[in-house]
Amino acid sequence: MAMVGLFWIAEGDVYVGAKPTGSAPGVRLTPEGVLALGEGQSGLFLWEDVRALSVSDVPVKTLKRQIGAVTELALDTVVNLALPGGPGPSGAGPAMMALRVETPDGERELSAYAAAAVGYTEAEADLSQALLSRLTDGAATMATTLAAMSAWGRAWEGGSPRTAQREELLRGWLG
């Protein structure tokens with residue numbers, strides 16, 4: 001499993017945002033279409049009907065966000081050491097992003113958790129938005145792009161690549 005831009009790629013499955021677990025909301029990109037997952041959202045939007053895809057509320061990596069994450073982790077550690085069995089992590093959890101799916105019937109907004117704890121770089125966010133747009137350029141483009149992402153996910157071993165490699169992968173998938 002690995003994060004590449006706004007995508008989470010796990011053994012050939014491609015998700016926008018984090019791969020959902022349980023009833024958590026999420027979005028999977030399949031060869032058939034955009035699949036809404038989790039409690040409160042469902043449906044399959046076939047690629048032939050999808051006119052546009054874009055993500056809003058993308059958390060962008062900033063120094064302030066990075067310092068906040070480190071501070072929160074340190075505070076949680078101190079509290080849990082002082083109060084064993086205490087309140088647990090104080091964080092509000094990962095940021096929620098919204099994937100807008102435009103079809104002939106209108107626009108639908110799907111929710112997915114961000115996979116990047118401290119946010120995405122501007123470049124990763126921009127490249128990912130461009131890649132989402134590319135997926136709506138036609139069946140052949142979508143199929144080859146999604147197949148390349150899936151193939152990379154099946155072949156990749158280890159965690160998420162470093163920032164430069166993630167950006168390089170996104171550029172390659174853009175063509």
Side-chain angles (χ1 to χ4, degrees), residues 1-10 13-30 34-41 45 50-77 88-103 107-137 141-142 145-146 148-150 152-153 156 158-175:
M1 294 188 285
M3 180 192 74
V4 179
L6 302 181
F7 306 98
W8 188 258
I9 305 172
D13 293 335
V14 179
Y15 299 87
V16 176
K19 178 181 178 181
T21 58
S23 61
V27 178
R28 183 173 165 214
L29 304 177
T30 73
V34 179
L35 179 62
L37 302 168
E39 194 171 310
Q41 63 184 27
F45 302 89
V50 176
R51 293 183 177 167
L53 292 173
S54 64
V55 179
S56 62
D57 304 323
V58 175
V60 177
K61 186 184 290 189
T62 62
L63 181 58
K64 181 179 177 181
R65 187 181 296 273
Q66 289 174 301
I67 290 171
V70 171
T71 303
E72 187 175 301
L73 180 61
L75 180 60
D76 286 345
T77 301
S90 62
M96 186 70 75
M97 301 186 302
L99 175 70
R100 289 195 174 90
V101 181
E102 184 183 320
T103 68
E107 192 174 276
R108 176 89 183 271
E109 192 171 282
L110 305 175
S111 299
Y113 286 111
V118 294
Y120 302 94
T121 66
E122 285 278 350
E124 280 186 284
D126 292 345
L127 290 165
S128 296
Q129 294 280 18
L131 188 55
L132 283 168
S133 179
R134 179 171 170 69
L135 290 172
T136 64
D137 283 349
T141 301
M142 177 282 303
T145 303
L146 200 53
M149 296 171 78
S150 296
W152 178 85
W156 178 256
S160 296
R162 295 218 169 280
T163 303
Q165 187 180 3
R166 292 192 307 261
E167 291 174 9
E168 182 181 321
L169 284 165
L170 290 167
R171 283 186 189 92
W173 293 331
L174 275 167

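Computed from a prediction, not measured in an experiment: that's the story for all the values here.
Shown here are the side chain to side chain donor-acceptor pair (under 3.5 Å) partners of Ser133, two or more places apart in sequence or in another chain: there are none. A search for side chain to side chain contact (heavy atoms under 4.5 Å, CB included) contacts involving Thr30 returns Arg28, Glu32, Leu35, Leu44, not counting sequence neighbours. Here Arg134 pairs with nothing under the salt bridge (Lys or Arg N to Asp or Glu O under 4.0 Å) rule; sequence neighbours left out. In this view, Glu167 and Thr121 satisfy the side chain to side chain donor-acceptor pair (under 3.5 Å) rule, not counting sequence neighbours. In this structure, the side chain to side chain contact (heavy atoms under 4.5 Å, CB included) partners of Ala52, at least two apart in sequence or on a different chain, are Glu102. Partners of Glu39 by side chain to side chain donor-acceptor pair (under 3.5 Å), not counting sequence neighbours: none found.
Judged by distance alone, with hydrogens and angles left aside, the side-chain atoms of Trp173 form no donor-acceptor pair with the main-chain N or O of Gly175 at under 3.5 Å. In terms of modelled atom types and a separation under 3.5 Å, the side chain of Ser160 and the main chain of Met3 share a donor-acceptor contact.
Counting heavy atoms from C-beta outward, Met97 and Tyr113 have side chains that stay 4.5 Å or more apart. Side-chain contact check for Ile9 versus Tyr15: every heavy-atom pair is 4.5 Å or farther apart. Val58 has its side chain within reach of Gln129: a pair of non-hydrogen atoms, C-beta onward, lies under 4.5 Å apart. Counting heavy atoms from C-beta outward, Ser54 and Leu132 have side chains that stay 4.5 Å or more apart. At least one side-chain heavy atom of Leu170 sits under 4.5 Å from a side-chain heavy atom of Phe7. Counting heavy atoms from C-beta on, the side chains of Pro59 and Tyr120 come closer than 4.5 Å. Between Leu37 and Leu110, every side-chain heavy-atom pair lies at or beyond the 4.5 Å cut-off.
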(request) Let me see the working for Ser150 and Asp13 under side chain to side chain contact (heavy atoms under 4.5 Å, CB included), right down to the final yes or no. (result) CA-CA 6 Å; Ser150 296; Asp13 293 335; over 6 Å; no
Only pairs under 3.5 Å count here: list side-chain donor-acceptor contacts from residues 17-25, not counting sequence neighbours, and write none if there are none.
none

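Here the CG atom belonging to Leu53 is positioned 11.0 Å from the CE atom belonging to Met142, to the nearest 0.5 angstrom.
Closest of all the heavy-atom pairs between Gly5 and Ser128 is CA-OG, 3.4 Å. Heavy atoms only, all atoms of each residue included: Asp57 and Ala98 are closest at OD2-CB, 4.1 Å. Val27 and Ser111 get closest at one heavy-atom pair: CG2-O, 4.0 Å.
Shown here is Glu168, whose CD atom has no more than 12 heavy atoms of other residues, nucleotides or ligands within 6.0 Å.
Under the salt bridge (Lys or Arg N to Asp or Glu O under 4.0 Å) criterion, the residue pairs touching residues 114-130 are Glu124-Arg166, with sequence neighbours excluded. Note on residues 108-118: pairs passing salt bridge (Lys or Arg N to Asp or Glu O under 4.0 Å), not counting sequence neighbours, are Arg100-Glu109.
Shown are Thr141, Val50, Thr145; of these, the side chain to side chain contact (heavy atoms under 4.5 Å, CB included) with Leu135 is made only by Thr145.
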